[in-house]
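What follows is a single structure, written as structure tokens, with notes after it.
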Number of protein chains: 2
Amino acid sequence: MSENRSSPPEILALSLTSAYRRLYDQAARCARNNGLQIEAWSVLETLEAGERLTMGQIAQAVAMKLPALSKLVDRMVSEGLVHRQPSRSDQRQVNLLLTDLGRKRMMQVRGAMVDHDAGVRAALGEGRAMQVQAILADLARLPDSPH
Amino acid sequence: MSENRSSPPEILALSLTSAYRRLYDQAARCARNNGLQIEAWSVLETLEAGERLTMGQIAQAVAMKLPALSKLVDRMVSEGLVHRQPSRSDQRQVNLLLTDLGRKRMMQVRGAMVDHDAGVRAALGEGRAMQVQAILADLARLPDSPH
DNA sequence: AGAAAATAGTTGACCGGGAAAGTAATTTCA
DNA sequence: TGAAATTACTTTCCCGGTCAACTATTTTCT
């Protein structure tokens, strides 16, 4: 009856992945119901928070790779949510600007998202919710390869 | 000079996404260096932990959707890491079985992954690492739509 | 028992993301 | 000054994921 199985190590990246998938799926559905991809929403939020951002700055802020962002922005432009404007000071750079429609949709989704988040926070307990958010923020800021 | 911008709300799903992307990218590279997709590795770990699992149980354990898992397993089979076996008691079900090669590769990646994780834990502080892992586990277990 | 509903998993069409190469503008420096 | 290197972004090709439809098996219900 020897059980020669090794127990799976508890890896942060693994726990993070499971939690992420659950919350992300829910949040994505929540955004989708309001006609927006969650990535698009977070781009819109980023634009609202600080004006005249370049593609690179936005990619950094929303943790997307540039090609992915570039294509997302293509879609957002064709939906009339944002428009591109070549930077005056450096013609290589592109500033992304919110349209009225973009701002409107962003606000809609924000409402739904805040509601949903409140549910999760309640289920988790507000204290632990605050803890985990703080730690996650630290994790996101960690140096690139601490191995 | 009125700044009529609204500040972006602090949403758990968003914080989680940023942290996830960073850690996941690093962990994925770590697995890739040892010739394994990180999802494949976590499937292997799951199999090692509990025998005779069905596709559905595995999908649940690794938080993947069934079609994604099914295709991942196709690849894993063709690499000789696992093999499918129809369940005796219910012919609809499929049990996934580790091969020797699968177990070997799993152990290899586990080593690399534990090392990497130790770095992250150290950077974060062991206390907070334990906290966040516990909370993430709770998050992953949250009911499906608490809105 | 046997038709209808439910369940487990796979398949196909389509879409979004990643790596690497490509383009255009700007900076460096000999 | 102008050729080489760098930077900012886009495009291309491919891979993996999702949704919805499908197949096969089992359960339910009359």
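These figures come from a predicted structure and were not determined experimentally. Just so it is clear: chains get the letters A, B, ... in the order the sequence lines come, proteins before strands, and each one is counted from 1.
- If you take CG of B:Asp74 and P of C:dG12, they are 11 Å apart, rounded to a whole angstrom.
- In this structure, of C:dA19, C:dT11, C:dA25, it is C:dT11 that holds the atom nearest to the side chain of B:Ser70.
- Comparing atom distances between the A:Pro67 side chain and each of C:dG9, C:dG17, D:dT10 picks out D:dT10 as nearest.
- Rounding to whole angstrom units, CG of residue B:Asp90 and P of D:dT26 are separated by 5 Å.
- Rounded to whole Å, the distance from CG on B:Leu72 to P on C:dG9 is 15 Å.
- Proximity of B:Leu136 to B:Leu16: side-chain heavy atoms (C-beta onward) are separated by under 4.5 Å at one or more points.
- Between B:Val62 and B:Glu39, the closest side-chain pair of non-hydrogen atoms is not below 4.5 Å.
- Taking the side chain of B:Met64 as heavy atoms from C-beta on, and the options D:dT10, D:dG17, C:dA25, the nearest nucleotide is D:dG17.
- For the 3.5 Å distance criterion, the side chains of A:Gln133 and A:Arg128 fail to qualify, holding no donor opposite an acceptor.
- Residue A:Arg84 is in sugar-phosphate contact alone, with no base atom involved, counting any heavy-atom pair closer than 4.0 Å across all strands shown.
- The side chain of A:Arg75 sits closest to C:dG16 out of D:dC9, C:dT10, C:dG16.
- Following rounding to the nearest Å, A:Leu96 (CG) and D:dA8 (P) show an atom-to-atom distance of 16 Å.
- Within 3.5 Å, a donor on the side chain of B:Lys71 pairs with an acceptor on the base of C:dG12, or the reverse.
- Comparing A:Val94 and A:Asp25, the nucleotide of DNA chain D nearest to each residue sits closer to the 5' end for A:Val94.
- As a whole-Å value, the separation of A:Gln93 CD from D:dT6 P is 18 Å.
- Judged by atom type and distance alone, A:Arg92 does not reach the base of C:dT26 through any side-chain donor-acceptor pair under 3.5 Å.
- Within the structure, every side-chain polar atom (N or O) of A:Arg88 is placed at least 4.0 Å from both OP1 and OP2 of C:dA25.
- Rounded to the nearest 0.5 Å, atoms CG (A:Leu69) and CD (A:Gln57) are 11.5 Å apart.
- Atom pair B:Glu39:CD and C:dG18:P shows a separation of 12 Å (rounding to whole Å applied).
- Under the 4.5 Å side-chain contact rule for hydrophobic residues, B:Met130 and A:Met130 do not share a cluster.
- Nucleic acid contact for A:Thr54: sugar-phosphate only, since backbone atoms but no base atoms lie under 4.0 Å from a heavy atom of the residue.
- Atoms CD (A:Gln91) and P (C:dT23) sit 19 Å apart, rounded to a whole Å.
- Residue A:Gln37 places at least one side-chain N or O closer than 4.0 Å to OP1 or OP2 of C:dG17.
- Remark on DNA chain D: of its neighbouring residues A:Gly56 and B:Lys65, the 5'-side contact belongs to A:Gly56, judged by nearest-heavy-atom nucleotide.
- One atom, OH of B:Tyr20, and another, P of C:dG17, lie 12 Å apart when rounded to the nearest Å.
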